[in-house]
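Working notes, structure below.
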Amino acid sequence: MVLLSIVLPVFNEEKILAENFQKIHSFLKGNIPAYEIILGNDGSTDNSLSIIKELKEKYENVKYVTQDINTYRGFILTKAMRIAGGDYIGYLDIDLEIDFLYIKDFLKLLENDNYDVVIASKYIERDTLKDLKKFRYFLHLVHYCTVKTLLNSDIRDNQGGLKIFKKAAIKSILDEIILTDWMWDTEVLTRLQNKGYRIKEFPVKLNAIDRRSKIKFLKASIKSFISILYLFSKGIRVKS
């Protein structure tokens with residue numbers, strides 16, 4: 001029996017993949033009785049897939065899924081979670097902007113406090129807000145207001161890079177998901193709310209990492225806005 005399945009989505013991460021994987025694997029091995037790691041290669045054009053295959057051979061409890069072309073993060077998360085066998089199924093961004101140490105806190109809430117989903121939130125504690133760049137926080141506010149207005153969701157941080165679900169919760173909606181991009185999280189959380197699952201936002205602090213340029217981040221935000229409009233057009237919103 002597997003207690004926790006953790007998915008690590010990967011797209012062109014050859015510089016950090018092996019080192020960060022080793023950190024995550026060591027933590028899980030020392031703290032989680034039974035676990036599996038699922039590496040999701042989303043059409044990487046660098047050496048990521050070769051590294052993933054080497055990691056699978058070297059370490060225990062490792063699986064991987066792969067795409068020949070970049071299909072975007074949401075698609076690879078859905079594909080990876082379909083083969084996950086844990087009682088709890090989650091994902092963690094491989095850049096480790098959000099620390100893997102929070103996994104223990106998330107599991108405690110899922111096991112003891114009757115939550116179905118626990119998600120990382122950057123926008124609860126004031127100390128974390130102070131560390132965010134103003135441009136990034138502005139884009140978050142635009143996203144939050146859009147999701148609140150169109151999808152009727154009160155979740156403050158849909159896009160945090162660490163989420164863990166009870167198996168029954170995430171498996172109940174995998175066949176319904178229509179988005180494959182960065183708004184996968186927003187759709188998933190909206191659908192879960194509609195099914196009555198309890199979601200806990202857990203405050204996290206961020207590790208300092210190198211981020212993509214503002215121009216790319218802005219373009220991604222515009223695409224995200226379009227995806228939210230698409231969900232709204234399909235009638236996918238939290239029922240009042």
Side-chain angles (χ1 to χ4, degrees), residues 7 9-13 40 42-43 67 69-81 90-95 97-98 117 119-125 128-163 165 170 173-195 197 199-204 206 209-240:
V7 178
V10 176
F11 177 65
N12 290 346
E13 301 287 6
D42 187 20
Q67 291 293 118
I69 60 173
N70 180 229
T71 49
Y72 302 109
R73 175 171 163 275
F75 187 95
I76 205 69
L77 284 173
T78 297
K79 185 173 183 176
M81 288 184 179
Y91 83 84
L92 173 66
D93 284 346
I94 194 66
D95 61 12
E97 181 183 42
I98 298 176
V117 184
I119 65 175
S121 180
K122 304 179 290 293
Y123 305 107
I124 295 178
E125 292 190 344
T128 304
L129 294 177
K130 292 177 182 178
D131 294 335
L132 293 173
K133 293 181 179 180
K134 292 181 179 179
F135 180 76
R136 184 179 181 184
Y137 186 57
F138 169 75
L139 291 178
H140 157 70
L141 289 176
V142 172
H143 178 269
Y144 171 76
C145 292
T146 304
V147 171
K148 172 64 177 173
T149 302
L150 296 182
L151 306 185
N152 195 34
S153 174
D154 288 322
I155 292 176
R156 283 165 285 188
D157 190 359
N158 285 270
Q159 303 305 119
L162 172 61
K163 294 178 175 66
F165 312 85
I170 190 62
I173 62 165
L174 284 181
D175 290 339
E176 302 173 5
I177 298 171
I178 58 178
L179 294 183
T180 64
D181 60 10
W182 287 92
M183 288 298 100
W184 180 92
D185 304 71
T186 298
E187 180 184 358
V188 164
L189 295 176
T190 300
R191 289 186 182 277
L192 288 171
Q193 288 177 85
N194 274 336
K195 287 181 178 289
Y197 289 111
I199 299 172
K200 171 68 175 179
E201 288 194 78
F202 190 91
V204 299
L206 304 181
I209 62 168
D210 292 331
R211 299 195 62 83
R212 293 182 175 87
S213 70
K214 286 184 179 181
I215 294 176
K216 289 182 179 180
F217 198 21
L218 180 58
K219 287 182 178 179
S221 297
I222 293 171
K223 291 180 180 179
S224 297
F225 176 72
I226 294 172
S227 292
I228 294 170
L229 286 176
Y230 182 66
L231 291 177
F232 176 74
S233 73
K234 295 293 183 179
I236 301 169
R237 66 195 310 270
V238 178
K239 299 179 179 67
S240 301

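The figures that follow rest on heavy atoms only: side chains count, while hydrogens, waters and symmetry mates do not. Here the structure is a predicted model, which is why all the values come from computation and not from measurement.
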Start with the C-alpha distance between K163 and L189, add both sets of side-chain angles, then the distance that settles side-chain contact (heavy atoms from CB on, under 4.5 Å), and finish with yes or no. CA-CA 10 Å; K163 294 178 175 66; L189 295 176; 3.9 Å; yes
Between S224 and W182, what is the shortest heavy-atom contact and its length? OG-CB, 4.5 Å
Within the structure provided, determine whether V188 and V117 are in side-chain contact (heavy-atom separation under 4.5 Å). no
Should L141 and H143 count as side-chain neighbours, where that means a heavy-atom distance under 4.5 Å? no
What's the separation between atom OG1 in T146 and atom CD1 in I228, rounded to the nearest 0.5 Å? 5.5 Å
Specify the closest pair of heavy atoms between G160 and Y91, including all atoms of both residues, with the distance to one decimal. O-OH, 3.0 Å
Evaluate the side-chain contact (heavy atoms from CB on, under 4.5 Å) criterion for residues M81 and F165: first the C-alpha distance (whole Å), next the side-chain angles of each, then the deciding distance (0.1 Å), finally the verdict. CA-CA 11 Å; M81 288 184 179; F165 312 85; 4.0 Å; yes
State, to 0.1 Å, how close I98 and G161 come at their nearest heavy-atom pair, and which atoms those are. CD1-N, 3.3 Å
Atom CD of E187 and atom CG of L179: how far apart are they, to the nearest 0.5 Å? 4.5 Å
Per the side chain to side chain contact (heavy atoms under 4.5 Å, CB included) rule, which among I155, V142, N158, L231 passes with V147? N158
Of all pairs that satisfy salt bridge (Lys or Arg N to Asp or Glu O under 4.0 Å), the ones with a partner from residues 140-152, not counting sequence neighbours: K148-D154
Say you draw a straight line from CD1 of I119 to CD of E201; how long is it, rounded to the nearest 0.5 Å? 4.5 Å
Side-chain ion pair, E97 and K122, N-O less than 4.0 Å: no
Closest approach of L192 and I199, non-hydrogen atoms and distance? CB-CD1, 4.3 Å
Inter-residue atom distance I173.CD1 - Y197.OH, 0.5 Å rounding: 8.5 Å
Separation between NZ (K223) and OH (Y72), nearest 0.5 Å, reads 5.0 Å
Side chain proximity check, K79 to T71, heavy atoms < 4.5 angstrom: no
Counting C-beta onward and ignoring hydrogens, is there a side-chain heavy-atom pair between R237 and L150 closer than 4.5 Å? no
Approximate separation, where rounding is to 0.5 Å, of F75 CZ and I69 CD1: 9.0 Å
Taking side-chain hydrogen bond (donor to acceptor under 3.5 Å, both in side chains) as the definition, give me every residue that meets it alongside T180, ordered by chain and number, with sequence neighbours left out. none
L162/V204 under side-chain contact (heavy atoms from CB on, under 4.5 Å): CA gap, chis, key distance, verdict: CA-CA 10 Å; L162 172 61; V204 299; 5.8 Å; no
Any side-chain heavy atom of Q193 sitting closer than 4.5 Å to one from K239? no
Of all heavy-atom pairs between D42 and F11, which one has the smallest distance, and what is that distance? O-CD1, 3.2 Å
Sorted by chain and number, sequence neighbours left out, salt bridge (charged side-chain N to carboxylate O under 4.0 Å, His left out) with R73 holds for D93, D185
If you take all heavy atoms of L139 and S221, which pair is closest and at what distance? CD1-OG, 3.5 Å
